[in-house]
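For the numbers below, each heavy atom of this structure counts, side chains included, while hydrogens, waters and symmetry mates do not. Whatever order the structure lists ligands and atoms in, that order sets their numbers, starting from 1.
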Amino acid sequence: MPSPNDRPEPPRMASVDEIRAEFPALGRRHNGLPVAYFDGPGGTQVPRSVVDRMADYLYHHNANTHWAFPTSAETDELLAASRRTFAAFLNADPDEVVFGPNMTSLTLRVSRAVGRQLSHGDAIVVTELDHHANVDPWRSLERDRGVVVHKARMTPETGQLDWDDLDRALSQHRTRLLAIGAASNALGTVNDIARAVAMAHEAGALAFVDAVHFAPHHLIDVREWDCDFLACSAYKFHGPHVGILYGKRERLGSLAFSRLDPAPDTIPERAESGTQNHEGIVGAAAAIEFLAGLSRAPDGGGVSADQALRRRLTTVFDGLHDRGCDLLKRLWDGLAEILAVRLYGPPPSAFRTPTLSLVVAGVPAAEVAARLARRGIFASHGNFYAQTVVERLGQSKNGLLRLGCACYTTEDEVDRVVAAIGEIARGEA
Ligand SMILES: Cc1ncc(COP(=O)(O)O)c(C=O)c1O
C-alpha cells in the first residue's frame with residue numbers, strides 16, 4: 001500500500017499549458033505553423049489579464065492626477081498601488097520606485113543628474129558585456145563633463161566578465177560610478193551583482209544596475225545587492241512598454257534631476273517628468289501580478305499583502321529558473337550536435353538566463369532568422385545593441401542569432417528550433 005510519503009508533491013506553480021492559455025499571441029500561425037516565440041529577450045508576449053487591466057483603466061478610470069473627482073482619485077490610487085507592486089517586485093520601498101518611458105530614457109536621466117556632480121578626470125566604469133543603453137548614456141558624460149569612461153573586459157571564450165579587470169578599472173582611477181548589467185541580453189551571462197556593488201562601494205563609487213534582461217528570469221533584490229540605482233523594462237516581462245527605475249531614497253532625494261518647475265520636488269516624483277503613461281504603469285503592475293498569480297504554493301499567514309506578493313514571486317521565479325535551466329540545456333545540447341553551429345554564452349551548468357546566441361557557419365544571422373521565420377519560429381538577429389559583445393566575439397559583420405526561452409516556451413518548441421537550425425545548417429531552405 002502506498003504511504004502518504006509516496007504522494008507526489010503538489011505543483012508549486014502553474015503548468016506550462018496553464019501559462020500558455022493566458023497568451024492570445026500563442027494562437028498565431030505563420031505559413032500554417034504555430035508560432036514559436038524565441039524573441040523574449042527583445043520583448044515578451046503579453047497575457048490577457050495585462051491587456052484587460054490597461055483597457056479597464058482607459059475605459060473606466062482615465063484622468064489626470066490629483067484632482068477632486070472620482071476618476072482622478074482612482075488614477076492616483078492605481079499609480080500608488082503600482083508603485084507598491086513594484087516595490088514588492090524589487091524589494092524596495094514604494095517611494096524608491098520611479099516610472100518612465102523605458103530603461104534607456106531613465107538611464108539617460110540618471111546619467112545627466114549624476115554628471116552634474118562630476119568633474120574633469122572623474123571616472124565611470126562600464127563593462128563590455130553590457131547593452132549600450134548602459135554604456136552610451138555614461139559615455140555622453142565624456143563629452144559633456146570631461147569624465148573618463150573605462151570598460152571592464154569580458155572573456156569571449158566564456159562570456160563572463162573579467163573580474164580582475166573590473167577590479168583594476170575600479171581601483172586605478174577616480175571612479176565615481178560603476179554601470180553594470182545584471183545579465184547579458186546577448187549571451188545570458190548573469191553577473192554577481194552583490195559582489196560588483198561591494199567592489200564599487202569599496203572604490204567610493206555608486207553602482208547603477210541594468211536589470212532589463214535579468215528581470216524576466218530571476219527575482220531582483222535591491223536590498224541584497226545594495227545597488228544605488230537599478231533599471232528594468234516591463235515589456236521584457238509580459239507587460240507594456242514602460243521603464244522602471246529604483247533609486248535608494250537618499251540618492252533620489254539628493255541628485256540634481258532636470259526638473260521643471262511645476263513638478264513636485266519630493267521623491268519619487270522629482271525623478272519623473274511630465275504626465276506618466278498611466279495605462280502602461282497599471283499594465284506593468286498587472287504583469288507582476290500575473291507572474292505572482294502563477295504560484296500554487298500556500299501563502300502562509302501573518303504577512304502583509306506586499307510580503308505575500310513577494311513570497312509568491314519568489315516561488316514563481318524559482319520555478320521559472322528550474323524550467324529555464326531544463327529548456328536551456330535541451331537547446332544547448334541539441335544545437336551543440338550540429339557541426340556548423342557555434343554557440344556563445346556560458347554553458348548550461350552556469351547560473352545564467354535561458355538565452356543563448358549562435359552562428360551558423362556560412363549563413364548570415366539575418367538569413368538564419370528569415371529561414372526560421374518561414375518555419376514559424378521567431379528569433380532576433382544582429383547585435384541587440386550589445387555591440388561590444390558582438391565585436392569581441394568577432395561577429396560584427398554577420399551578427400548573432402539569439403534564442404531566448406520565456407515562461408511559455410515548451411520542450412517541443414525547443415526541439416523544433418533545433419531541428420530547423422539543423423536543416424538550415426545543412427543548406428535546406
Ligand atoms: C540588457 C538590456 N538593457 C537595456 C535595454 C534597453 O531597454 P529599453 O528598451 O527599455 O530602453 C535592453 C533592451 O533590449 C536590454 O536588453
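- For atom 11 (O) of ligand 1, the closest non-hydrogen atom of the protein is T104 OG1, 2.5 Å.
- In terms of protein heavy-atom proximity, atom 7 (O) of ligand 1 is nearest to M103 CB, 3.6 Å.
- Given atom 9 (O) of ligand 1, the protein heavy atom at minimum distance is Y235 OH, 2.5 Å.
- In summary, the atoms of ligand 1 found under 4.0 Å from a heavy atom of N185, numbered by their order in the structure, are 1 (C), 16 (O).
- Residues W225 and F214 place their aromatic rings such that the two centres sit under 6.0 Å apart.
- The local environment of NZ in K151 is crowded, with over 12 non-hydrogen atoms from other residues, nucleotides or ligands closer than 6.0 Å.
- For atom 4 (C) of ligand 1, the closest non-hydrogen atom of the protein is D210 OD2, 3.4 Å.
- Given atom 15 (C) of ligand 1, the protein heavy atom at minimum distance is H131 CD2, 3.2 Å.
- For H218 and F317, the distance between ring centers is not under 6.0 angstrom.
- At the top of the distance list for atom 14 (O) of ligand 1, counting protein heavy atoms only, stands K236 NZ, 2.6 Å.
- Among residues two or more places apart in sequence or in another chain, the salt bridge (charged side-chain N to carboxylate O under 4.0 Å, His left out) test is passed with E18 by R296.
- Closest protein heavy atom to atom 10 (O) of ligand 1: S233 OG, 2.4 Å.
- Residues that satisfy the side-chain hydrogen bond (donor to acceptor under 3.5 Å, both in side chains) test with H278, not counting sequence neighbours, are Y57.
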